[in-house]
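So the structure is just underneath, and the comments pick up after that.
Any value given below was found using the heavy atoms of this structure, including those in side chains, with hydrogens, waters and symmetry copies removed. Order of the sequence lines fixes the chain letters, A, B, ..., with proteins taken first and strands second; residue numbering starts at 1 for each chain.
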There are 2 protein chains.
Amino acid sequence: MTAAAVPAPPAPLTHAQRDAPRDESAYGRLRSMIASGELAAGSWLREANLAERIGVSRTPIREALSRLAAEGLVELSRNKGAQVVDFSPEDVAGLYDVRAGFEPHAVLLSVPNLTDEDVVELAALSARMEAVVANGGDMEGLSALNAAFHGIFIERCGNRHVATALQAVMRPAVVAHTFRKYSGEALRRSMQHHAELVAAAEARDGEWAEAVMRTHILAARNAAGANPSTR
Amino acid sequence: MTAAAVPAPPAPLTHAQRDAPRDESAYGRLRSMIASGELAAGSWLREANLAERIGVSRTPIREALSRLAAEGLVELSRNKGAQVVDFSPEDVAGLYDVRAGFEPHAVLLSVPNLTDEDVVELAALSARMEAVVANGGDMEGLSALNAAFHGIFIERCGNRHVATALQAVMRPAVVAHTFRKYSGEALRRSMQHHAELVAAAEARDGEWAEAVMRTHILAARNAAGANPSTR
DNA sequence: TCACAGAAAGTTGTATGCAACCCATTGACG
DNA sequence: CGTCAATGGGTTGCATACAACTTTCTGTGA
């Protein structure tokens, strides 16, 4: 990818950041229900049922479903309804393959653009994630922090459309699911990658950060049970 | 990017293909109105107004707008409405940069997977595009054919999420706008690229195709008035 | 027993009405 | 004259009602 000398855009917040912790909208509620597995993959989503569970009418449910469909989290069948997309191991592998091919380069571009405040925030997010892991749980919260961490690099790469493209393959549901499948060791290693990314960012060493990010994503692909040898 | 050995998925048709020529739904109508410039970039979209122009009630309009917002074609402001996103030259450059970094690799992966029928279809699409250019016009139709042409490569690359990610940066409105800005010479050169891609596909030479595609996209970036020297 | 037609139930797609909210104008007051 | 509050028009957000479609069940006939 050629470096686009786009002057830092007006901070297009990612979905994961904008409505990460508590989004009371029907869209946010549904998304978190999918991410948590409360709505199982492959299951049919009945609008009336969801409306009652969330406590709104069908109208906002329908808008949320169409938005989720555009993001690829659910699949709509005309006059038949929506179902949560079921990610096969091959699908998950494909998602991480795209990220592995894309995100490290975005990191390479972004490191020179990072402000001191960015680095401080990266360090803080890394520390918070380690704390969550130490307290042993809340994989959904961890997933949100992780999205914010990665989002900083992506937003600073100088091309806001990189975020657009990557968002399509950073499905919260899949990431949360991956975290849940992590072994204790894999989880600790993942946190170490974050710490090393912070170190590379502090050193403003883009190539180092690029390499760490590639490692990080390929390790995640493996932890998701989708390493090349098994498929 | 590592090649994902995903066994050709059940043909997830792209939006551009599924509803390219005539989509009578409110979503399709709105999308084509934006692509054609009938709804100017930056202008506010009033739901009641659109509903009347298209001849439906506000409900399907609202769903279409939220879907278009998820795709990044319009921007929603809560309680204020939607406006067509305005792509600055830097934005357009960023879009083509992402494509330049991504799509050639997808082509490299896809060429070995192309069936004879795929190659025939590619040749047919290329011929149809040349015919449209020879008849001198219908940039919207050309844009649809172009999307189908590129879509074949993307769908055959063995990773359906590549399509998901690329779709986010292949905005029909931008592509159509780029075509409109093409000079006659740039347009003919673009068609030549297509023909050369067909030749590379017939020869099953992935690296050749990859190189042509990279050329093709960078030429498009330049034609869009966004070559690096000018920004 | 099986196949098929018909009806009935359930679900989605659309239209409409009303409340909440934003914005601009206007008027009064300092 | 400038500032600020009230008010009105206009738009969006949500709830509800109804129409259209899909699926399933049931009953009849071979």
Side-chain angles (χ1 to χ4, degrees), chain A residues 10 12-13 15 18-34 38-86, chain B residues 10 12-13 15 18-34 38-86:
Chain A
L13 288 182
H15 298 312
R18 186 168 46 227
D19 45 31
R22 293 242 164 278
D23 183 347
E24 297 301 333
S25 73
Y27 164 76
R29 291 289 307 277
L30 281 181
R31 225 179 57 138
S32 108
M33 286 166 84
I34 293 173
E38 187 177 344
L39 299 176
S43 67
W44 284 97
L45 305 180
R46 298 300 171 199
E47 293 177 1
N49 178 15
L50 295 174
E52 195 175 6
R53 285 168 71 173
I54 292 186
V56 295
S57 80
R58 276 178 51 216
T59 308
I61 297 289
R62 284 182 61 77
E63 297 207 352
L65 286 177
S66 69
R67 184 170 165 191
L68 290 167
E71 292 173 7
L73 277 165
V74 307
E75 195 168 350
L76 296 180
S77 308
R78 171 142 187 124
N79 282 324
K80 284 184 58 181
Q83 49 186 337
V84 182
V85 293
D86 190 8
Chain B
L13 287 183
H15 297 311
R18 186 168 46 227
D19 45 31
R22 292 238 168 277
D23 182 348
E24 298 300 335
S25 73
Y27 164 77
R29 291 289 306 277
L30 281 181
R31 224 179 57 135
S32 104
M33 285 166 85
I34 293 173
E38 187 176 344
L39 299 175
S43 66
W44 284 98
L45 306 180
R46 299 299 171 198
E47 294 177 359
N49 178 16
L50 295 175
E52 194 175 7
R53 284 169 72 172
I54 292 185
V56 295
S57 81
R58 276 179 52 218
T59 307
I61 296 291
R62 286 182 58 78
E63 298 209 351
L65 286 177
S66 68
R67 183 170 166 192
L68 290 168
E71 292 173 8
L73 277 165
V74 306
E75 195 168 349
L76 296 180
S77 307
R78 176 153 182 112
N79 283 322
K80 281 184 58 180
Q83 50 185 335
V84 182
V85 293
D86 191 9

Could you tell me whether B/R46 and B/E52 have a side-chain N and a carboxylate O separated by less than 4.0 Å?
no
In this structure, how many angstroms lie between the P atom of D/dT24 and the CH2 atom of A/W44, rounded?
10 Å
For A/L45, report the nucleic acid contact type (base, sugar-phosphate, nothing); a contact means any heavy atom under 4.0 Å.
sugar-phosphate
From CD of A/E52 across to C1' of D/dA15 the rounded distance in Å is 15 Å
From CD1 of B/I54 across to P of C/dA15 the rounded distance in Å is 11 Å
Between atom CZ in A/R78 and atom C1' in D/dC21, what is the gap in whole Å?
9 Å
Rounded interatomic separation in angstrom, taking CD1 from B/I61 and P from C/dT16:
13 Å
Whether B/S25 side chain and B/G28 backbone form a donor-acceptor pair below 3.5 Å:
yes
Under 4.0 Å between a side-chain N/O of B/T59 and OP1 or OP2 of C/dT14, yes or no?
no
CD-CG distance between B/E63 and B/L30, expressed to the nearest 0.5 angstrom:
12.0 Å
Take A/N79 and A/E63, find for each the nucleotide of DNA chain D with the closest heavy atom, and name the residue whose nucleotide sits nearer the 5' end.
A/E63
Whole Å only: how far is the CZ atom of B/R58 from the P atom of C/dG13?
19 Å
Heavy-atom check, side chain of A/E47 versus side chain of A/L65, under 4.5 Å:
yes
Judged by each residue's nearest nucleotide on DNA chain D, which is more toward the 5′ side, A/K80 or A/G55?
A/G55
Need one value for A/R46: base, sugar-phosphate or nothing, where a base atom within 4.0 Å counts as base even if backbone is also close, heavy atoms only.
sugar-phosphate
Quick one: B/N49 CG to D/dG10 P, roughly how many Å, whole number?
14 Å
Atom-pair distance (CD on B/E47; P on D/dT12), nearest Å
4 Å
So, are B/E75 and B/K80 salt-bridged, with charged N and O less than 4.0 Å apart?
no
Under-4.0 Å side-chain N/O to phosphate OP1/OP2 contact, B/R62 with D/dG13:
yes
